[in-house]
Amino acid sequence: MTNTTTPRKIGITELVLRDAHQSLLATRMATEDMVDACADIDAAGYWSVECWGGATYDSCIRFLNEDPWERLRTFRKLMPNSKLQMLLRGQNLLGYRHYQDEVVDRFVAKSAENGMDVFRVFDAMNDPRNLARSMAAVQVAKSINPRVHAQGTICYTVSPVHTVEGYVKLAGQLIDMGAESICLKDMAALLKPQPAYDIVKAIKETYGDILISVHSHSTTGVTQVSLMKAIEAGADVVDTSISSMSLGPGHNPTEAVVEMLEGTPFTADLDADRLTAISDHFKKIRPKYAAFESKTLISTEIFKSQIPGGMLSNMESQLKDFGAGDKMAEVLLEVPKVRAAAGYPPLVTPSSQIVGSQAVFNVMMGEYKRLTSEFADIMLGYYGASPAPRDERVIAIAAESAGKEPITCRPADLLPPEWGTLESEAAKLNGFDGTEEDVLTYAMFPQVAEKFFSTRGEGPKSVAKQPEKPEDAAALQAATAAAAAHSLAATEPFKATYKVTINGEQQTWVVEAS
């Protein structure tokens, strides 16, 4: 076990090239605005550099007319000394459905071939069955390229059924799958200092010197202290973002975490001059994306609802659009009830959107009078096993609504082979380049890929705008609210349309991601 009082180096994973701009700027940052910082990032001394996965793949083809595979290859070329890291949604890969196992195998293999090193693999339900195939695929990639690293991920949440012992058990299951490290992933900034200490310490005591990384957002204002407590308990790596792209719904500042360690037995050993150069670069870049800036600074309400800030603002906007803005308090009270009925899933893509949307429906139309198809699927097991038993009454309602029975098997076991079909369908599209990477892009987002393939030859189309005068900057800031609803889909593009009747009037509701 790690001796927590012995001087040791703490690794830092830099998030500015992926999760920082996903959290702060709706994933709109263009590759051209990142490349000039890569030399300094590569030489700064980071443990790893997160630069791919999550929503960036979708945003590249949906909004920026960029090939995500070319982005990865560019980062590999510009940062040869760095471990490049990605966020992978287990059996969902980078899409929003389960994929058949062969697709998972091919996606991981191609990601490694194009330069990916660290695969941080998670599942929204914390269902190990949804992680097993992608973890195995990473092991195969490692046998070809020893740089490849499998990081199994625990999605942290709080509920009556989530315990330190449960998280330790999940860590063991991930280690059995071949995880070389464990990430404790706090996507909603819920991780308080004492639980951070207790979970990390328990995993270290149980499994020895398995490397532990801690990822947390800064939305609630407490998590830099949580990172310190995790380090004291034995955490080896923590995630941060350079100061000019930090805080709010983003992450704790890299430089602040480095300074926090001064006078302790721990050091991050990063190059301060390089950090300054990186921060200066993004300080100039960030104003170009003012129209996509998150309005959230600190939100302690998340401790009650557990809904991330972006989802809160999205639900508020939806309710106002339908003349029900005064119902927000009721919806926030309903969210924990819906989550309990669903067996307390962690609220991360896509479960946060699904639970939040059903809470809105319950308040507006009566408890479970109308179910979204996605909520029915969660109740019936089509997203995987929930941490706790689901409400039997709501399961029955879901079965009737969806016209299908609950399942207990791994959802992907029900999928027929699909690679051949994906290949033949992609090959018919104008602009398809014949590569396996293009087939995978089509597999992730078929409708978006069709348009992207046809326009790819026109080159990247940045949505950034550099304000030339103070009044232009003010105008961009004023546009933030108007742009926010559109930008939500870039972060977590989950969307469903429903026709509902309220007080005798039929309305069309579009439920989108946060």
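For the residue pair T267 and D269, no side-chain donor N or O sits within less than 3.5 Å of a side-chain acceptor on the partner. Using modelled atom types, one finds no donor on one side chain facing an acceptor on the other under 3.5 Å when comparing Y368 with R393. Under the 3.5 Å distance criterion, with hydrogens and angles disregarded, a donor-acceptor pair is assigned to the side chains of N114 and E437.
Counting only heavy atoms from C-beta outward, the side chains of L94 and D58 never approach each other to under 4.5 Å. Two residues are said to be in side-chain contact when any heavy atoms from C-beta on lie closer than 4.5 Å; F303 and V222 meet this criterion. A heavy-atom distance below 4.5 Å is not found between the side chains of Y46 and T13. The shortest distance between side-chain heavy atoms of V237 and L211 falls below 4.5 Å.
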For this session: List the steps, then state whether side-chain contact (heavy atoms from CB on, under 4.5 Å) holds for E418 with E102.
Result: CA-CA 8 Å; E418 60 176 325; E102 183 181 358; over 6 Å; no

Problem set entry | Candidate pair N130 and Q91, rule side chain to side chain donor-acceptor pair (under 3.5 Å), full reasoning | CA-CA 5 Å; N130 291 339; Q91 203 75 25; over 6 Å; no

For a quick test of your reading: what N or O donor-acceptor pairs under 3.5 Å do the side chains of residues 166-173 make, sequence neighbours left out?
unit_1 : atom_1 : unit_2 : atom_2 : d
Y167   : OH     : T157   : N      : 2.9
Y167   : OH     : T157   : O      : 2.6

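Ion pairing between D101 and R410 holds under the 4.0 Å rule for side-chain N and carboxylate O. Residues K337 and D391 are not paired through a salt bridge, judged by the lack of any N-O separation under 4.0 Å between the basic side chain and the carboxylate. D239 and R120 are joined by a salt bridge, as a carboxylate oxygen and a charged side-chain nitrogen come within less than 4.0 angstrom of each other. At a threshold of 4.0 Å, the pair D236-K204 counts as salt-bridged, since one of the basic side-chain nitrogens sits closer than that to a carboxylate oxygen. A salt bridge between E180 and K142 is present, with a side-chain N of the basic residue lying under 4.0 Å from a carboxylate O of the acidic one. A salt bridge is absent between R274 and D42; no separation between the charged side-chain nitrogens and carboxylate oxygens falls under 4.0 Å. Between D105 and R133 there is a salt bridge, since a side-chain N of the basic residue sits under 4.0 Å from a carboxylate O of the acidic one.
None of R390, K404, R97 except one satisfies the salt bridge (charged side-chain N to carboxylate O under 4.0 Å, His left out) rule with D377; the exception is K404. Under the side chain to side chain contact (heavy atoms under 4.5 Å, CB included) test applied with S23, the options T27, D19, L25 reduce to a single match, D19. Considering I378, V335, T372 in turn, T372 is the only one that fulfils the side chain to side chain contact (heavy atoms under 4.5 Å, CB included) rule with Q358.
The minimum heavy-atom distance between S216 and T223, with the atom names listed, is OG-CG2, 3.1 Å. Of all heavy-atom pairs between L247 and L24, the closest is O-CD2, 3.4 Å. In terms of heavy atoms, M79 sits closest to V49 at SD-CG1, 4.2 Å.
Taking the six-membered ring where the residue is Trp, Y57 and F445 present tilted rings, their angle falling between 30° and 60°.
Side-chain atoms of D186 come within 3.5 Å of backbone atoms of L191 as a donor-acceptor pair (strictly under, hydrogens ignored). Of the possible donor and acceptor atoms, none in the side chain of S59 sits under 3.5 Å from a partner among the backbone N and O of A55.
Here the OG atom belonging to S48 is positioned 13.0 Å from the CE atom belonging to M86, to the nearest 0.5 angstrom.
Crowding of Q194 atom CD: a count of heavy atoms from other residues, nucleotides or ligands under 6.0 Å exceeding 12.
A distance of 6.0 Å or more separates the ring centres of W52 and F75.
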